[in-house]
Amino acid sequence: MTNPPSSDIPAQYDAGATERALYAAWEAAGLFHAESAQTTRGGGTRDPFTIVIPPPNVTAVLHVGHGLNNAVQDVIVRWRRMAGDEALWVPGTDHAGIATQNVVEKLIAAEGSTRFAMGREAFVERTAEFVRQTGGVILQQLRAIGASADWSRTAYTLSPELSHAVRECFVRLYEKGLVYRGYRVIHWCPRCLTSLSDEEAEFKDTHGKLYHVRYPFADDPAQSITVATTRPETMLGDVAVAVHPDDARYRHLIGTELLLPIANLRIPIVADAFVDKEFGTGMVKITPAHDPNDFEAGKRLGLAMPVVITPDGHMGEVHDADGRVPASLRGLERFDARKKVVKMLQAQGFLVKIDQHHHAVRHCYRCHTVVEPRLSDQWFVKMAPLAKPALEAVQAGKVRIVPERWNAVYVNWMEGIRDWNISRQLWWGHRIPVWHCACGHDAALREDPTGGCPRCGGAWTQDEDVLDTWFSSWLWPISTLGWPDKVDGADLKAFYPTDVLVTAPEILFFWVARMIMAGLEFTGRVPFHTVYLHGTVRDMQHRKMSKSLGNGIDPLEVVEKFGADALRWTMIAGMGMGVDVLLDPDDLEKSFAPGRNFATKLWNIGRFLLMQVGHEPVRALSSLDRASFRSADHWIVNRLADAVFDCDAALGPARPPQGTWPEHQRQVGLRLDAHAEAARRFLWNDLADWYVEACKSRLAEPGEDRELARALLVHCFDHGLRLLHPIMPFITETLWQRLPGYVDGTWLMKAAWPVAPARSDASSSFDVVKDVITAVRQIRNDYALPPTQQLTAHLLGNAAAAEIALAERVFVQRMARAELATADVAALGAAAHALLAGGLEVVIPLEGIVDVARERGKLETELAQLDKQLASLRARLGNAGFTDKAPAPVVDAERAKDVEWTARVAQLRAKIRAMGGA
RNA sequence: GGGCGAAUAGCUCAGUUGGUUAGAGCACCUGCCUUACACGCAGGGUGUCGGGGGUUCGAGUCCCUCUUCGCCCACCA
């Protein structure tokens, strides 16, 4: 016996000290580490089970969203580890291109410098140093919430290995023609000075204005047409006005010329089918360089594409725009320019009217600046060929997405997928591995070139741009496991494909969909079989928690105050599938009460139970003689079986059979809240509220019966702790290691996941006992009898009262001792029934104390209904037998129903009979 | 504009193929410091399952419709 005496268990659980020490002990024991050789794919015996972390930004600090995300992953990975898998959780961070660059730019701005003043090399080095000094804090913080990640495999998207993966990926796609250079209108952030992908340019509903502007005819200035625009400053880049070719109103005008106000240029009226005849005047100005739509039209019509806005969002004659921007507007910031242009139009009589306009405007997802559509040279990935297999993989069930509703969203996006702009005009990130020469030759290279241009020998310079951060993220499941350098390596072989990906729906397209594409493209296999999309943590007004709103919750503060277990329990148990978690940042006490309360309760259950059972080892469940079981013993064993069954059902299958999810299993499992509830119900409502109470008197007297109770208490608590461990790892491990018979050096974290014990059908008599006790408690409450006072004869007034009174006295002791004193289960049941029946007779005159009569009436009503339905069903089955109209499966289903209802009828009859009826 | 979803207790949500008396947590009310626990124990449901119609012996569950919310996507200037 190496566990400390139970009397040493402190009355208060000190989560802080316990958790820190225990985490260190787990880590020192190497319990987080997964070994490829242990897996079936690596020659071992365990199924591999892998989760890769959604890598947080390397500069991030832990917020409650990370807390939820990682708690979910940890629950799943701990469950699989106990279930016997070689479970690997790969941690790591993302270099987070724009985000990190912005942080460092702000830093050097405070020092009075800019990245341009520093120069590229110095700036990148400064950023790398910043990351070395302060980065990865979040990985330390994850330990505080109990994350059982394999830290020996910590990855970073900008590490040499992962940079290799990025480069290999780029070159392969380039060689296949799937990466290409395009000159087109893209989303441009004038503050970050970079292009953005469609996903990075987020729509925000905005109250704007719609300006109606008169464009006079060049040859007859008295006549004019009117166009509408939300961005009047872009009119300086107008090259035409378009109408729909079928628009009868304007067909005769096609080819005539207008005089563009302010710029004073002649522009033609052209025809293009993209114009909506119904919108506004049916005439639209064409600004090819500053609107993606106009760009396409301009390309079709062979129009010029003057650029009149500078990269940093000021008016200027940037390209092909000589003389378009008047001196008075040049150098003006775009929104100031808008005001000024409107004023000028008004002064010159060209402004017709201004309407309020509600529309969606794209903003930079990093700095929230309004995005400027802008013509520029960028790198793109051709997505359609990559999307097709990724779409099919989901439709075929190679990958399932839970909850289900995101399937449709995924399919919808994949079907309408557009090419991905992957170049960023940033310095922090993977530089595009393409070298250009003045002679026009360029190439994507796996290794930096040593000489000059292979074609002409001239200067050979690398592309200035870096890659979108997500271009490294989409390789995460394969790159963290060794692709491409160790493509035959043990890790990739053992742990890829991974299993479950846990993340928020916001990055379904940014990340998840693209990982599926990359996995299929580079390994031919999907990167994971399950995508688990959880909700968002919000405040009581349903607002997303954010720094700017000041409504965030610091998980470390919660851990400090209530412990990691309380944090985890509150989030996991309070989280429906894909449903948001609501927490009150202004009342942590209340928000985390469920977790804190349960942790305390658990501690007290453990403290009492361990004190009662002492230190002597107990017998194994399998060695107990069930013939000597009390009804309570049968009952608790059945409740444990229920709990194991419920937890398993909630968690579901760990992996798809034969690699593909059958239709009926695609939405089954990973119900962590249901798992939590099943474990809680067993430990609290079954074990503590009833079984522990039932055992109190038995434990007082030494002997066989005491040994039986001890064995069952220990076994049930042990297995309850196992079920709960994935959610509340610290307190469960702490209590588990104090159980009698604990073997030094073993860990709950590695203990076997419970298997349901064999059921006993002799437990129902304990249910009757519970019913009787509950009934008496109701009487007592209804009549406001203090617990020490018996239900007396003067109240009930006949012989049955003596029995009630007896029971009452016993129940004051929390349990029917009379019941517990006899081993004859049948006799116990009979006694309880008699009690209930006796109570019924006595109580009915008192009106509404225990309305067993009503209960019985309801049962009889139901029975009558069921009989009627059964007759009807049988009639229908009979009919079906004589015709071939009803398809066979329906008949089978109804026959099954017939059997089921027949059984229920029998059950109800028995129940009514047991209540003292016919 | 296209696609998808939701509406069940005061709040947040379960309710699997239609079938006992529609559940849980939190909140709330009543009574209890009963020698593990007041962060606890015992008892308590206050619901026209959004409205209307339909299918069925039977509908919270299936169909139609209306209303109200939400999410994703999108080039109405």
Side-chain angles (χ1 to χ4, degrees), chain A residues 9 11 185 198 203 210 227-231 234 242 274-276 278-281 283-287 291-297 357 359-360 373 403-413 415-416 505 508-509 540 542 562 566 573-577 579-582 589-591 593-612 649 664 667-668 671 673-674 677 680-681 688-689 692 774 777-782 784-788 812-814 854-855 858-859 861-863 865-866 868-873 875-876 893 897 900-901 904 907-908:
Chain A
I9 300 176
V185 171
D198 294 342
F203 278 111
L210 188 61
V227 296
T229 177
T230 52
R231 296 183 296 150
T234 63
F274 91 96
V275 179
D276 179 353
E278 308 303 319
F279 188 87
T281 57
M283 290 192 145
V284 55
K285 65 192 212 53
I286 301 290
T287 321
D291 184 285
N293 221 4
D294 296 2
F295 169 75
E296 293 301 328
H357 190 60
H359 63 151
E404 190 174 20
R405 62 175 174 276
W406 292 104
N407 261 296
V409 175
Y410 177 89
V411 168
N412 189 242
W413 188 73
E415 285 175 343
L508 182 60
F509 306 138
M540 302 319 277
H542 296 212
F562 312 116
M575 177 190 64
M577 183 61 113
V579 174
D580 292 342
V581 178
L582 266 57
E589 181 95 9
K590 186 176 163 190
S591 290
R596 184 202 52 176
N597 293 356
F598 185 35
T600 306
K601 179 68 183 183
L602 201 61
W603 185 252
N604 281 303
I605 296 169
R607 200 153 62 94
F608 182 71
L609 187 146
L610 293 171
M611 275 186 326
Q612 294 293 317
H664 70 277
Q667 296 299 321
V668 168
R671 295 296 306 256
D673 55 332
E677 174 56 19
R680 190 200 64 83
R681 193 168 46 229
D689 288 349
V692 167
T774 301
R777 283 171 179 169
Q778 283 172 8
I779 296 170
R780 189 161 58 227
N781 266 288
D782 287 349
L785 299 175
T788 48
V812 168
Q813 316 275 320
R814 299 282 181 93
R854 191 174 58 193
E855 176 74 10
K858 277 180 191 163
L859 290 177
T861 308
E862 191 200 335
L863 186 59
Q865 260 175 6
L866 198 56
K868 199 177 117 198
Q869 289 167 8
L870 201 51
S872 148
L873 177 65
R876 266 209 331 209
K897 217 168 263 180
E900 181 194 328
W901 287 351
R904 264 179 47 212
Q907 213 181 330
L908 281 175

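Chain A is the first sequence line, chain B the second, and so forth, proteins listed ahead of strands; every chain is numbered from 1.
Within the nucleic acid shown, A:Leu582 comes within 4.0 Å of sugar-phosphate atoms alone, with no base atom in reach, counting heavy atoms only. Across all strands shown, A:Arg680 has heavy atoms under 4.0 Å from sugar-phosphate atoms exclusively, and none from any base. Within 4.0 Å (heavy atoms only), A:Ala688 reaches at least one base atom of the nucleic acid. In this structure, A:Arg681 reaches neither bases nor backbone, as no heavy-atom distance under 4.0 Å exists between it and the strands shown. The residue A:Ala593 sits apart from the nucleic acid: no heavy atom pair falls under 4.0 Å. Among the atoms of the strands shown, none is found under 4.0 Å from any heavy atom of A:Trp603.
Residues A:Leu210 and A:Phe203 both approach RNA chain B. Their nearest nucleotides, taken by heavy-atom distance, put A:Phe203 toward the 5′ side. Taking for each of A:Gln612 and A:Val579 the nucleotide of RNA chain B with the nearest heavy atom, the 5'-most of the two is the partner of A:Val579.
Partner assigned to B:C13 is B:G23, using Watson-Crick or G-U wobble distances below 3.5 angstrom. B:G18: no Watson-Crick or G-U partner with both key distances under 3.5 Å is found in any strand. Base pairing of B:U56 is not made with any nucleotide, judged by Watson-Crick or G-U wobble geometry with both donor-acceptor distances under 3.5 Å. Under the Watson-Crick or G-U wobble criterion, with both distances below 3.5 Å, B:C69 is paired with B:G5. Under the Watson-Crick and G-U wobble criteria, each requiring two contacts below 3.5 Å, nucleotide B:C41 is paired to B:G31.
Between the NZ atom of A:Lys590 and the C1' atom of B:C28 there is a distance of 11 Å, given to the nearest Å. A:Leu609 places its CG atom 13 Å from the C1' atom of B:C37, with the value rounded to the nearest Å. Regarding A:Asp580, its CG atom lies at a distance of 17 Å from the P atom of B:C11, rounded to whole Å. Distance A:Arg607 CZ to B:C39 C1': 13 Å, rounded to the nearest Å. Put simply, CZ on A:Arg405 is 11 Å from C1' on B:C72, counting in whole angstrom units.
Dashed line: the shortest gap from a side-chain N or O of A:His359 to OP1 or OP2 of B:A77 is under 4.0 Å. Between A:Asn604 and B:C39 there is no side-chain N or O to OP1 or OP2 distance below 4.0 Å. Using a 4.0 Å cut-off, some side-chain N or O of A:His542 falls inside it from OP1 or OP2 of B:U12.
With rounding to the nearest 0.5 angstrom, the CD1 atom of A:Ile605 is 8.0 Å from the CG atom of A:Asp689. Note that the OG1 atom of A:Thr600 and the CZ atom of A:Phe562 stand 10.5 Å from one another [nearest 0.5 Å].
Spacing between B:G43 and B:U17 at atom P, rounded to whole Å, works out to 33 Å.
Side-chain N/O atoms of A:Asn293 and base N/O atoms of B:C75 include a donor-acceptor pair closer than 3.5 Å.
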